[in-house]
A.B. asks: 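Pasting a structure below so you can have a look.
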Protein chains: 2
Amino acid sequence: MQRGRQLRPGVTLVRAGEPMAALFVVRSGSAKRYSVTLGGGEQVHGFVLPGEAVGLEGFASGRYTCEVSALEPLSYCRVPIRKLEQLLERLPGLRREILRLLGQALDESQRLRGDLAQSDARGRVAHFLADLSHRLARRGLSPTEFRLSMSRADIARHLGLTLETVSRALGTFKREGWLRVRARDISVLRPDALAALGGGIA
Amino acid sequence: MQRGRQLRPGVTLVRAGEPMAALFVVRSGSAKRYSVTLGGGEQVHGFVLPGEAVGLEGFASGRYTCEVSALEPLSYCRVPIRKLEQLLERLPGLRREILRLLGQALDESQRLRGDLAQSDARGRVAHFLADLSHRLARRGLSPTEFRLSMSRADIARHLGLTLETVSRALGTFKREGWLRVRARDISVLRPDALAALGGGIA
DNA sequence: GGCAAAACTTGATTCATGTCAAGTACTGAT
DNA sequence: ATCAGTACTTGACATGAATCAAGTTTTGCC
């Protein structure tokens, strides 16, 4: 495992189509995962937060299938696949951990898709915020006070909305007293309300 | 591996919340993967075709996270997890294969989510049909003549649409000469047109 | 084969979100 | 500190999909 590597904002960590030589784990900062569509637009698959892995979907074909680029100064570890395979040979615990990681990524992706498919614009934005909050909390960061490292346009492309609609949803949450929003700084005042709107599975 | 098991239409193969005791591989027939939402509705995550695996997302927590029930008479193999772990110990090739399977499921889920987020109703339905066609072809079945084993309502819940909208989309494809539709029997006349509308990543 | 229930299609209307457009507030550079 | 460029907000309007409501076809059962 190689650690202590750094990336400046905007720099790409992995590119779609490159052979998967390593997995990455983000240590600090955040990144955007996206694909470039036929029309030249970006499909934003999601955002990577500290403690989360990058490159898992490369197991499918041995190549990365999306681009991942830093939204803030990013530090990360690199885990070469060769090394990983050697370790998997010997460590049943690591085997389970990798399967768990993949299973979790799969589960989250499906759950998210389901929720997006069935909620309106406000529900999607609420879900997005609640999810972010939850993932930050898991990492020991504040679930109620945080700074969005991504633009409204990125959020919109992630949720299948337009940036205007995202802006309006944030506006209504603010007006209803659920959030404080100042540019990219968010304070969640009513996590329960967001979670309720974000909806989801029983 | 235990094979030759059968299920009648409507019967459930795995239930959300159950401990993951085994993986399953469908041999013939098809199934619906779904979650029950807070309101009692169904979130349809997708459909399982012959040759595809069921239960992968259970690796996340050791429990299945969605329900899978047969849409047609279903035959399948059951692969107990204990057995699988023993085999993973000895067979590096199987380790890679399982990772590949999970990576592929993850990649497809993300790609699908991205496409759904960015297409309109017709695009989604076109994508759905093109995907189905592609997966059937992979299995050696006809990519142009098939029978939908799921209802319009299931398709709609899968795509985040209403059943009326799905019906109308099929209607327009029919009128434009891209499909023949007779109840659940589909003939694809213009696969290219569907693929183009289904759009996707570069 | 006939019947009832379910699944599906089609039409009219409403509403949410996209689109277009203008204006405001950040941000980073000089 | 000022300025320029970008990001964001807000408003007016258009549009595609949801909703509501009949009708029609298919399916499975007797």
Side-chain angles (χ1 to χ4, degrees), chain A residues 8-10 32 39 41-44 47 71-73 115-129 147-176 178-186 197 199, chain B residues 8-11 32 39 41-44 47 70-73 115-129 147-176 178-186 197 199:
Chain A
R8 310 228 130 233
K32 170 170 73 163
E42 281 183 11
Q43 256 184 19
V44 177
F47 304 99
L71 290 167
E72 310 170 87
D115 288 344
L116 293 193
Q118 296 194 332
S119 14
D120 61 5
R122 281 161 41 97
R124 293 186 204 189
V125 175
H127 186 279
F128 169 73
L129 291 172
R147 165 163 263 262
L148 298 173
S149 56
M150 67 296 287
S151 69
R152 303 285 193 269
D154 286 336
I155 299 172
R157 283 188 292 259
H158 177 50
L159 300 179
L161 299 171
T162 59
L163 67 93
E164 292 94 332
T165 301
V166 170
S167 181
R168 278 188 249 268
L170 291 174
T172 66
F173 294 159
K174 193 161 121 183
R175 230 169 296 121
E176 291 174 47
W178 300 1
L179 293 181
R180 255 185 304 148
V181 184
R182 212 194 88 97
R184 293 191 176 183
D185 292 308
I186 303 284
L197 237 193
Chain B
R8 312 230 128 232
V11 176
K32 171 170 73 162
E42 280 182 12
Q43 257 184 19
V44 177
F47 304 99
L71 289 167
E72 310 171 88
D115 288 343
L116 293 195
Q118 295 192 333
S119 13
D120 62 4
R122 280 161 41 98
R124 294 186 203 188
V125 175
H127 185 279
F128 169 74
L129 290 172
R147 163 162 266 261
L148 298 174
S149 57
M150 68 294 289
S151 70
R152 303 286 193 267
D154 285 336
I155 298 172
R157 281 187 294 258
H158 177 50
L159 300 177
L161 300 169
T162 59
L163 66 93
E164 291 95 330
T165 301
V166 170
S167 181
R168 277 188 251 267
L170 291 173
T172 66
F173 294 158
K174 193 161 122 184
R175 230 168 297 122
E176 290 172 47
W178 299 1
L179 292 181
R180 256 186 303 148
V181 182
R182 213 195 88 93
R184 295 191 174 183
D185 292 308
I186 303 284
L197 237 195

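Throughout, a chain's letter reflects where its sequence line sits, starting with A, and its residues are numbered from 1.
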A.B. asks: Atom CZ of R152(B) to atom P of dT27(D): distance rounded to whole Å?
C.D. replies: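 One finds 11 Å between P of dT27(D) and CZ of R152(B), rounded.
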
A.B. asks: Does the dG11(C) base have a donor-acceptor partner in the side chain of R168(B) within less than 3.5 Å?
C.D. replies: yes

A.B. asks: Compare the minimum distances between each of dC8(D), dC20(C), dA7(C) and the side chain of R184(B), then state the nucleotide with the smallest one.
C.D. replies: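 Nearest to the side chain of R184(B) among the choices is dA7(C).
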
A.B. asks: How long is the line joining CG of L163(B) and C1' of dC20(D), in whole Å?
C.D. replies: 12 Å

A.B. asks: Rounding to a whole Å, what distance do you find between I155(A):CD1 and dT17(C):P?
C.D. replies: 16 Å

A.B. asks: Quickly work out the L170(B) CG to dT25(D) P distance and round it to whole Å.
C.D. replies: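 Result: 17 Å.
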
A.B. asks: What's the CZ-C1' distance between R8(B) and dG28(D), to the nearest Å?
C.D. replies: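 After rounding, the gap between these two atoms is 14 Å.
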
A.B. asks: Restricting to non-hydrogen atoms, name the atom on F47(B) and the atom on I155(B) that form the minimum distance, rounded to 0.1 Å.
C.D. replies: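 So the minimum-distance heavy-atom pair works out to CZ-N, 4.3 Å.
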
A.B. asks: For E72(B), is there an ion pair with R147(B) - N to carboxylate O distance below 4.0 angstrom?
C.D. replies: no

A.B. asks: Which class fits the ring pair W178(B) and F173(B): parallel under 30°, tilted 30 to 60°, perpendicular over 60°?
C.D. replies: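 The rings of W178(B) and F173(B) lie parallel, inter-plane angle below 30°.
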
A.B. asks: Measure the distance from CE on M150(A) to C1' on dA7(D) and round it to the nearest whole Å.
C.D. replies: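 Going from M150(A) (CE) to dA7(D) (C1'), I get 15 Å.
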
A.B. asks: Could you check how far CD1 of I186(A) sits from C1' of dC8(D), rounded to whole Å?
C.D. replies: 12 Å

A.B. asks: Check the distance between dT9(D)'s C1' and R182(A)'s CZ and give it to me in whole angstrom.
C.D. replies: 15 Å

